Amino acid sequence: MRYPEFKQPFNYAQVGADILQWWQENGIFEKSVSTREGRPSFVFYEGPPSANGAPGIHHVMARTVKDIFCRYQTLKGFQVNRKGGWDTHGLPIELQVEKELGITKEDIGKKITVEEYNQRCRETVMRFKHQWDELTEKMGYWVDLSDPYITFEPEYIESCWALLKKLYDKGLLYKGYTIQPYSPAAGTGLSSHELNQPGTYKDVKDTTIVAEFEVKRDEQSEKLFALADGLPVFILAWTTTPWTLPANTGLAVGKNIRYAVVRTYNPYTREPQVVVLAKDLLSRHFSEKGAEASLEEYKAGDKVLPWRQLAEFSGGELVGISYQRLFSTEAGFPAFEGEERAFRVIPGDFVTTEDGTGIVHISPTFGADDFRVAQQNDIPALLVADDQGKLGPIVDRTGRYAAQMGEFGGRWVKNYDGHDDSAADYRTLDVDISVRLKERGRAFKVEKYEHTYPHCWRTDKPVLYYPLDSWFIKTTAVKDRLIELNKTINWKPESTGTGRFGNWLENLVDWNLSRSRYWGTPLPIWRTQDGSEEICIGSIAELSAEIDKAVAAEVMTHNPIKSGEMTDLHRPYVDDIFLVSPSGQPMYRETDLIDVWFDSGAMPYAQWHYPFENHDTFERNFPADFIAEGVDQTRGWFFTLHALGVMLEDSVAFKNVIANGLVLDKNGNKMSKRLGNAIDPFKTIDQYGPDATRWYMIANAQPWDNLKFDLAGITEVQRRFFGTLFNTYSFYALYANLDEFQAREFDRVPLTELSELDRWILSKLQSLILEVRGHFDNYDPTKAARAIQDFVTDQLSNWYVRLSRGRFRKGELTADKKAAFETLQECLVVVAQLMSPIAPFFGEWLYRNMTNGMRAEAMAKTTPLRHESVHLSELVEAEEHLIDKALEERMDLAQRISSLTHSLRKKSVLKVRQPLQRILVPVLTETTREQVGKVEDLICAEVNVKHVEFLDDTSGVLVKSVKPNFKRLGQQFGPRLKAVAARIQQMTPEEISQLEKVGQLAVEVEGQPVTLSPEDVEIRTEDLPGWLVATDGPLTVALDVTLTDELRHEGIARELVNRLQNLRKDSGLEVQDKIRVTLGANQPELVQAVEAFGEYIRTETQALSLDLTNGLADGAVLEFDEYSVPVRLEVVKS
RNA sequence: GGGCUUGUAGCUCAGGUGGUUAGAGCGCGACACUGAUAAUGUCGAGGUCCGUGGUUCGAGUCCACGCAGGCCCA
């Protein structure tokens, strides 16, 4: 057997396993790289995954996208190195280890040494590596797993250090501080990337306060007191974080916002007072009834708060007013440096009248905007000294009030330590502060309010905005260049590049590098205690040289690098190294680690240990031609790659990028283990096979759209696409083997001798090659997949093979039969190749089944099919001269005429098995007649009629109608179009005829002469009087339903064939088995049919003889229509 | 609140530059075809193309404003 044959049901998962094994045994992946040595390279960067968790189905999606283009470019002849990598540092691993050990950050260095802790991280981070490797192999993702880059290795860290030093030398690395999101529970500042984690922003109900700040009476405020009639005046400010109120040092107003001065009462103490708030927000705080209620008669128990607006001021007029501190030193709260400059009204550009009071309470240590406007207006922050005398905010790093904070000293700002807060009388700090303010008449409104607030993505606790020392990379210095170069990157989809990424670049801030953690790349900067001298280390050698100086200065006892004691650059070892400054001062390492995103952004350099070695390799592999990751990486890996590329090389780091969307469950919900709707990638691949899984993911939606993952979709792909392709192959294999046919690359039937059908499918095939190449080149795998699928199912299987079956089945191996085999063989081999980037296993299976028999000769003659694997082959070029548009057009006509005829048969209840005499096709042009004439045989065979009859003008039976060509007429007539169109629809047959013959027609529309040309209308035939017709656009078909005796007899013959074939099948006969048939001669029509068409019946059913007899009583009976025919069937063993 | 994005049949998706009957597959019902086919064909049921305005002779398509979902950020 030359072509392997397979039984249904076909096991696609097994193909995956078998091909995988064959790849591994024969080193096909390695060969796909090594055989391209010396060819131009296509550079791909693997974004490193972290192996501290099990891979999910979305990883199959992401990696399929990556794999497709690497395989495609390999087919195109490029060498595609794919170095794998692992992302190993960072908070997720640390938190996982803490959880497993049952410790917190505070315990590190106490309950467990940093050394042990980091060792534990190192072990944990690769825990799921074997699962990742297994998935990589099973899904057919080709990446070099044997020599991956690993971000915790000394060489990798050393590269990062070298890059940092380059930035340092360029002045792009600096120490500063900002108000940053900070997670007291995790004990760390949160990067913007971490705050970008899904689920970070949550709706929470907090106690909120509209606090009353009592205005001091002075020159500035006299205009208010002049209205107040002796009452105290308060400024109202709203906050959702009452715990920041004791740190208040200023109030911000909008310069152009209008503020109202209102006479009213304190709702809690019922004291009369005057308050100030934004005019636009009056209705939020006061009712309409209150404006009418008597000011004088307000008393305890009244629900309606009376109020009167006294005056209006702009924010600018309020600036400079002073007010009393809310929590005073007299009440036990601490004095602080610069207090005399505090408690003033200042302008703030961020103030709105969206909510609150239009006045914003400012605590410079707890808000980024606050910090900025406070600095601009010389408002001090409230700072207190810690036990070492160092000044800091009123909240310490664990999220607790400083001891100095009077009655609230030592209180938790939020529940960061997990204390029991379930008791009914439990009161949060926010509540206690509210209560105190209410008692003192300093609260105007206290209420629970639901708003969104960021939470630490891992501990789930609310973040604090908190001042932290930080090292920054000054990305703002190269902002313009980042934007400029970004415009040269081909983003898929484009909007992610221009919108999401581009807008982000437009609003860039400096990159905060610092992380106060343990497991990560240490910041290689040493400083003197006073910070006046510092050094940035760029290599191990440099560090060693500096240690030598320190040893000489007796700051260090010996050099642990030279002695071989220090082989790891992580903490705690680097922290034990002290250097000496030029002035002889000891220098200590800045204890920060760097953002893990620096690690991954550094992979173009660090994966090669550049700049310490592999200069050539780096040069050859920078920048990347292609990367692909999830859209969530936009401000993560995509950004850090780009930023470092621009800052270090003044270049993009990648030229083409696909940002793929999320994989959701079939209902569009996010997959999560908790909800139990997560799809197990291993089970999916085991059950459906890798190819159908990959194909479904790619064909169903564009990679950058979210994918609603539905297993039923894989089944459909498997049935419809892979099933059809498998069957097409099986058909080829079955008949090729029966004929002992072996395709060769030589001695093929010449093109000129091929049938219409052959030349048609080959034309379609070339168009497909062009189309698929175009889509892949354009990084659009979905359109490529859909084009291949449509070709295989609609064109190849459902038209070419369907209409060619007879050619394969019958007789000797004639030139026509050989041509059919060769054409189908050509199509299948090309399809195998085109599909192989998306379905690498099935593509390989099909390619090898189709070509293994040709290999020896191909190798001997060095022809295209010499390659043992489709993935080693070279992508076929479209032979454009084979594309015959006229042929494609007339085949399209054949398909549509057939479809119309089927439709007519259905209406007339005439099954296809019943032959009919003719169909009638009106033709308006000679070319249509010629086109249809060339495919007449195909149509007749498909719809079982004897011939196609054309009707033209001379027949005198055509009824024509016209349809306005709106596109053309609209441009010509504009507003008059409706009238013109109406006139056209009223055209008489004579007018139509004149338009056709003369080439123009003068008519009158609304009293105006209008000249119509044939292009202005579409002339079509719609009806044949006396005939049942079907139409499809300009095509009309009529069916002659007259049945003659001969046609009836042939119909009977075909029924007999059908029943006999079924009987053969049911009896378990093979296709090539011969039979002898005896039929009961019990009906005259039947006897006539058998006599007339006996030869036909015998050929179709492989019958050596076909006899009629009256004596058949027992045995099987063939039943159809009104007939019931006894039959005896004998098998003839050959 | 801002940026980006999606909204077309029960489901998944197509619908260059505006053109008058909005398509496909799946699913559902019926009938048919088939010695490769668990495939396929024909017919049928199923659409206020998210809404409201606007531009235009003409809007699923362009513009504005909304609504709903998603992602990212404040």
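Just so it is clear: chains get the letters A, B, ... in the order the sequence lines come, proteins before strands, and each one is counted from 1. The structure presented is a predicted model; accordingly, all values stated were derived computationally and were not measured.
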key: Ring centre gap for A:Tyr182 and A:Tyr466 strictly below 6.0 Å   = yes
ask   = Can the ring centroids of A:Tyr696 and A:Phe709 be said to lie less than 6.0 angstrom from one another?
value = yes
Between [N] and [M], how far apart are the two [atom1] atoms, rounded to whole Å?
N     : M     : atom1 : result
B:A59 : B:C50 : C1'   : 16 Å
B:U34 : B:G41 : P     : 15 Å
B:U55 : B:U8  : P     : 27 Å
B:C33 : B:G60 : C1'   : 37 Å
B:G7  : B:C13 : P     : 10 Å
B:G23 : B:G19 : P     : 14 Å
B:A24 : B:C67 : C1'   : 29 Å
B:A22 : B:U61 : P     : 14 Å

Could you tell me how far apart [X] ([atom1]) and [N] ([atom2]) are, to the nearest whole angstrom?
X         : N     : atom1 : atom2 : value
A:Leu707  : B:U12 : CG    : C1'   : 10 Å
A:Gln1102 : B:G35 : CD    : C1'   : 9 Å
A:Arg719  : B:C26 : CZ    : P     : 8 Å
A:Asp705  : B:G69 : CG    : C1'   : 14 Å
A:Leu664  : B:U6  : CG    : C1'   : 12 Å
A:Phe721  : B:A38 : CZ    : P     : 18 Å
A:Glu629  : B:C71 : CD    : P     : 19 Å
A:His775  : B:A14 : NE2   : P     : 13 Å

Checking base pairs now: Watson-Crick or wobble, both atom distances under 3.5 Å. What partners [N]?
N     : answer
B:U17 : none
B:G51 : B:C65
B:C71 : B:G3
B:A24 : B:U12
B:A30 : B:U42
B:G35 : none

message = Do A:Tyr732 and A:Met850 have side chains that approach each other closer than 4.5 Å (heavy atoms only, starting at C-beta)?
response = yes
request  = Kindly indicate whether the side chain of A:Leu1039, heavy atoms from C-beta on, has any atom under 4.5 Å from the side chain of A:Val945.
outcome  = yes
query = Going by the angle between their ring planes, with limits at 30° and 60°, are A:Phe501 and A:Trp491 parallel, tilted or perpendicular?
reply = tilted
query = Parallel, tilted or perpendicular: which fits the ring planes of A:Phe10 and A:Phe726, with parallel below 30° and perpendicular above 60°?
reply = parallel
Describe the nucleic acid contact of [X] in one word from base, sugar-phosphate, nothing, applying a heavy-atom distance below 4.0 Å.
X        : value
A:Glu716 : sugar-phosphate
A:Tyr732 : nothing
A:Gly970 : base
A:Arg786 : sugar-phosphate
A:Ser797 : base
A:Val801 : base

task = For A:Arg720 and for A:Phe731, locate the closest nucleotide of RNA chain B by heavy-atom distance; then report the residue assigned to the nucleotide nearer the 5' terminus.
result = A:Phe731
ask   = Which residue, A:Asp710 or A:Leu662, contacts RNA chain B at a nucleotide closer to its 5' end, judged by nearest heavy atom?
value = A:Asp710
Out of [options], which has the shortest distance to the side chain of [X]?
X        : options             : answer
A:Lys708 : B:U12, B:A36, B:C4  : B:U12
A:Thr728 : B:A39, B:G41, B:A36 : B:A36
A:His902 : B:A36, B:C26, B:G41 : B:G41
A:Ser730 : B:A38, B:C71, B:A36 : B:A36
A:Asn706 : B:G70, B:C13, B:G35 : B:G70
A:Ser903 : B:U42, B:U12, B:G19 : B:U42
A:Ser899 : B:A14, B:U42, B:C26 : B:U42
A:Arg500 : B:C13, B:U34, B:C72 : B:C72
A:Arg913 : B:C4, B:C33, B:G41  : B:C33

message = Can you tell me if A:Glu494 has over 12 outside heavy atoms packed within less than 6.0 Å of its CD?
response = no
key: Phosphate contact (B:G41 OP1 or OP2) by A:Asn798 side-chain N/O below 4.0 Å   = yes
request  = Compare side-chain N and O positions of A:Asn1058 against OP1 and OP2 of B:U34 and report whether any pair is under 4.0 Å apart.
outcome  = yes
ask   = Hey, are A:Asp790 and A:Arg786 close enough for a salt bridge, meaning a charged N less than 4.0 Å from a carboxylate O?
value = no
Shortest non-hydrogen contact between A:Leu281 and A:Thr357, atoms and distance = CD1-C, 3.5 Å
